[in-house]
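Notes to accompany the following structure.
Throughout, numbering of the chain's residues begins at 1 and tracks the sequence. Every heavy atom of this structure was used, including side-chain atoms; hydrogens, water molecules and symmetry mates were not.
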Amino acid sequence: MDKSAILRQYFGHSSFRGGQEELIDAILAGRDVLGIMPTGGGKSICYQVPALMLPGLSLVISPLISLMKDQVAALEAAGIPAAFVNSSMTSGEFQVVCAGIRAGKYRLLYVAPERLDNEGFLSLIRSQQVPLVAVDEAHCVSQWGQDFRPSYLRVAGFVDSLPSRPVVAAFTATATEGVREDITQGLALRDPLQMVTGFDRPNLHFSVRSPKTKEKLPLLLSLLEERRDKSGIVYCATRAKVEQVWEALCQSGFSAARYHAGLPAEERRQNQEDFQYDRKPVMVATNAFGMGIDKSNVGYVIHYNMPKDLESYYQEAGRAGRDGEPADCILLFAPGDIYTAKFLIGQGGQEGEEEDPERLERQQRDLDRLDVMTGYCKTRSCLRGYILGYFGQSYQQRCENCSNCCIPRREEDITVPAQMILSCLLRVQRKLGYYVGGNLIQQVLRGSRNQRVTSLGLDKLSTYGLMKDKDRRLIQDYIDCLKEKGYLYLEPAYETLRPGPQADQVLFHGEKVIMEVQIIDDPPMKEARPAREERRRHPAREGGGMAAPAVPEENGLLAALREKRTQLAQAAQVPAYLVFSNATLADMAAKSPSTIEEFMEVSGVGQVKAARYGTEFLRVISDYRDEERRRRHGK
């Protein structure tokens with residue numbers, strides 16, 4: 001069976017997405033590959049299809065138990081023999097899988113990288129024909145990535161220990177150029193085909209909100225109330241914040257689960273299962289939750305606190321909308337998030353290694369990435385463009401699908417306030433002999449009688465009180481604008497503001513500074529976003545094929561299909577999306593097939609699922625047509 005037939009029969013897609021076919025062809029030709037593809041972009045297809053075409057047992061190195069279970073469950077639902085080996089298994093379950101390996105039962109085996117330390121397991125694998133080793137979440141091999149896993153450094157040695165070297169295929173959703181180099185070296189890839197298919201997720205609507213601290217929780221509750229019919233994740237920076245937010249949601253009547261490393265393993269497992277099966281549609285979690293989560297119907301991801309870096313944010317936000325449906329990625333930013341993130345970065349080392357050069361270098365890189373993340377929260381330019389630019393991808397100036405592009409703005413000349421800020425900064429430096437942070441500059445400009453201001457004699461400067469009629473947050477907006485345009489920059493190591501190279505042009509040569517401001521303030525409890533139908537821009541689904549036609553949410557057939565999916569999922573005790581994804585149901589409702597042959601033309605319907613579910617869903621469609629016919633004829 002060729003690759004296209006496998007794609008159609010097992011995965012229900014008629015064509016490959018961009019980059020998939022090239023990666024598959026390279027693997028089949030015996031060449032290592034490195035695929036950088038966005039979450040939901042079809043990475044798994046790139047190694048699952050070759051695994052079904054190559055002889056023997058293909059291995060998938062995967063970092064988390066949840067990912068393995070989800071992937072194996074999806075493969076089994078499609079009729080593909082697969083298994084996983086991880087620490088969640090009993091001894092008996094492990095022995096059953098080992099027996100299956102010896103009998104040649106499986107085509108794909110998912111294993112955690114830590115399992116490669118078990119000599120008995122390695123001996124079993126070495127006795128098998130292993131044509132392909134796929135490394136998922138490959139950024140974990142990079143010490144400068146956001147999810148470094150030391151065990152990933154042992155993958156290359158494991159590959160070399162096999163009787164015959166297999167093809168090595170590495171995949172990740174986000175990786176800067178430096179991380180890509182680390183992946184290539186850390187996994188010892190040989191002349192890999194590198195395929196970067198783009199980081200953009202057109203179906204995601206990005207938004208940054210900046211509520212005051214006391215408004216944060218009420219805003220979250222309001223956002224969730226608007227999305228009660230959807231499944232979503234709320235990320236918090238600390239365990240304590242997870243507990244606080246989770247309790248508030250439960251008290252407000254939301255069916256929510258919680259997840260963080262401080263909970264017992266069994267509770268974490270149960271809570272994750274409740275979320276996966278939609279028994280509790282809201283998950284409140286730290287970043288310990290989610291890497292590799294294959295749940296396709298997540299309708300929103302809300303960050304209650306700012307993450308430490310843009311890589312983590314995009315990866316976590318990308319867990320929304322995996323089925324291609326419109327989804328929201330909302331970040332609630334407060335200045336205090338910066339200090340929390342710096343504290344967590346500072347806790348990254350171990351006691352007694354404060355002077356370790358490698359740790360200090362890693363910490364500085366973390367602080368640099370934090371500065372980029374803070375810039376995202378404060379930028380007035382296109383949020384999508386900010387993300388794509390960071391990952392080295394070209395982008396349009398306006399995406400028209402983020403809060404910054406959708407909120408009406410006008411240009412305002414802030415040259416005079418900019419000159420006041422820059423002048424004050426230079427005068428303070430001349431007075432003290434060193435640069436200071438933005439808070440002190442604000443205090444001087446607003447004429448504060450703060451003890452620090454007066455004790456340093458800064459109340460005697462000519463710039464003292466120049467902006468006493470301005471709100472603190474407005475002055476901070478001016479400072480953020482100057483930083484974004486390069487007239488100011490923050491020295492991360494000392495948290496001090498310094499004038500940029502072009503500051504003199506503003507102070508002495510008449511250069512104007514223009515800042516974009518909102519025409520009308522965004523209402524505090526409403527999310528700024530374009531009309532839903534205007535933003536139903538579906539990318540091609542995972543595995544290829546055309547995007548499903550937009551189906552209005554009030555479509556009665558779609559609701560009936562969803563109800564049938566729920567019944568079948570509950571009967572089989574599997575998550576609903578493993579029966580069919582939201583995108584497949586939308587395409588089914590749009591095409592409204594009458595026969596099993598037409599049913600097979602629905603995107604995401606393969607032979608196994610057609611045989612298993614076709615009759616049930618065709619009956620729902622037929623009954624709906626009959627009901628519509630009776631309604632039209634008044635009977």
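Pro113 and Arg149 get closest at one heavy-atom pair: CG-NH2, 4.3 Å. Looking at every heavy atom in both residues, Val179 comes nearest to His139 through CG1-CB, 4.0 Å. Closest of all the heavy-atom pairs between Gly18 and Met37 is O-CE, 4.4 Å. Considering all non-hydrogen atoms of both residues, Arg201 and Ala320 come closest at NH2-O, 2.9 Å. Nearest heavy atoms, Asn450 versus Ser448: N-OG, 2.9 Å. When all heavy atoms are compared, the tightest approach of Ala327 to Val298 is CB-O, 4.1 Å.
Rounding to the nearest 0.5 Å gives a distance of 8.5 Å between CG of Leu490 and CD1 of Ile338. Here the CD1 atom belonging to Ile441 is positioned 10.0 Å from the CG atom belonging to Leu422, to the nearest 0.5 angstrom. Residue Ile302 holds its CD1 atom at 12.5 Å from OH of Tyr235, rounded to the nearest 0.5 Å. Note: Leu23 CG to Gln194 CD = 10.5 Å, rounded to the nearest 0.5 Å. With rounding to the nearest 0.5 angstrom, the OG1 atom of Thr286 is 10.5 Å from the CD atom of Glu243. Note that CD of Gln419 is 11.5 Å distant from CG of Leu466, once rounded to the nearest 0.5 Å.
Residues Tyr304 and Val242 have side chains not in contact (no heavy-atom distance under 4.5 Å, counting atoms from C-beta outward). In this structure, the side chains of Asn271 and Leu263 come closer than 4.5 Å at one or more pairs of heavy atoms. Residues Leu331 and Cys377 form a side-chain contact, since some pair of their non-hydrogen atoms from C-beta on lies under 4.5 Å apart. Inter-residue side-chain proximity for Leu224 and Tyr300 is flagged as met; some heavy-atom pair is nearer than 4.5 Å. The shortest distance between side-chain heavy atoms of Glu484 and Ser381 falls below 4.5 Å. No side-chain heavy atom of Val135 sits less than 4.5 Å from a side-chain heavy atom of Ile183. The side-chain heavy atoms of Arg369 and Tyr390, taken from C-beta on, include a pair separated by under 4.5 Å. Taking 4.5 Å as the limit, every side-chain heavy atom of Asn305 sits out of range of all side-chain heavy atoms of Thr340.
In this structure a side-chain-to-backbone donor-acceptor pair under 3.5 Å is present from Arg384 to Leu204. In terms of modelled atom types and a separation under 3.5 Å, the side chain of Gln20 and the main chain of Gly42 share a donor-acceptor contact. A donor-acceptor pair is defined here as one N or O able to donate and one able to accept, closer than 3.5 Å; such a pair exists between the side chain of His260 and the backbone of Gly262. Lys485 places a side-chain N or O within 3.5 Å of a backbone atom of Ile514 that can act as its donor or acceptor partner. Under the 3.5 Å distance criterion, the side-chain polar atoms of Arg227 are left unmatched by any main-chain donor or acceptor of Gly232. Side chain of Asn297 to main chain of Ser231: no donor-acceptor pair is present (N/O by atom type, distance under 3.5 Å, no hydrogens or angles). In terms of modelled atom types and a separation under 3.5 Å, the side chain of Thr415 and the main chain of Val513 share a donor-acceptor contact. Between the Glu137 side chain and the Ser62 main chain, no donor and acceptor come within less than 3.5 Å of each other. For the pair Asp480 (side chain) and Lys378 (backbone), a donor-acceptor distance under 3.5 Å is absent. For Asp182 (side chain) and Ser142 (main-chain N/O), no donor-acceptor pair under 3.5 Å exists by modelled atom type.
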Evaluate His205 against Cys406 for side-chain contact (heavy atoms from CB on, under 4.5 Å), listing each step before the verdict. CA-CA 10 Å; His205 177 261; Cys406 296; 4.3 Å; yes
Evaluate the criterion side-chain contact (heavy atoms from CB on, under 4.5 Å) for residue pair Leu383 and Ser403; output intermediate values, then yes/no. CA-CA 8 Å; Leu383 295 174; Ser403 58; 3.5 Å; yes
For Tyr395 and Ile387: C-alpha separation, side-chain torsions, deciding distance, then whether side-chain contact (heavy atoms from CB on, under 4.5 Å) applies. CA-CA 9 Å; Tyr395 58 91; Ile387 293 170; over 6 Å; no
Would you sort out whether Leu367 and Gln364 count as a side-chain contact (heavy atoms from CB on, under 4.5 Å), showing the intermediate values? CA-CA 5 Å; Leu367 289 171; Gln364 185 56 54; 4.2 Å; yes
Given salt bridge (Lys or Arg N to Asp or Glu O under 4.0 Å), test Asp366 with Lys308 step by step and report yes or no. CA-CA 8 Å; Asp366 288 345; Lys308 293 184 292 184; over 6 Å; no
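Around CD of Gln396, the count of heavy atoms belonging to other residues, nucleotides or ligands within 6.0 Å does not exceed 12. Applying the 6.0 Å contact sphere to CZ of Arg498 captures more than 12 heavy atoms from other residues, nucleotides or ligands. The local environment of CZ in Arg473 is crowded, with over 12 non-hydrogen atoms from other residues, nucleotides or ligands closer than 6.0 Å.
The stretch residues 419-447 participates, sequence neighbours left out, in no salt bridge (charged side-chain N to carboxylate O under 4.0 Å, His left out) pair at all.
Using modelled atom types and a 3.5 Å distance limit, the side chains of Asn439 and Gln443 yield no donor-acceptor pair. Checked by atom type, the side-chain pair Gln505/Tyr487 shows no donor-acceptor distance below 3.5 Å.
The residue from Tyr314, Phe333, Tyr313, Tyr376 that alone fulfils the ring pair (Phe, Tyr, Trp, His ring centres under 6.0 Å) condition with His303 is Tyr313.
With a 6.0 Å cutoff to the six-membered ring centre and a 45° limit on the axis angle, Lys295 counts as a cation-pi contact of Phe275.
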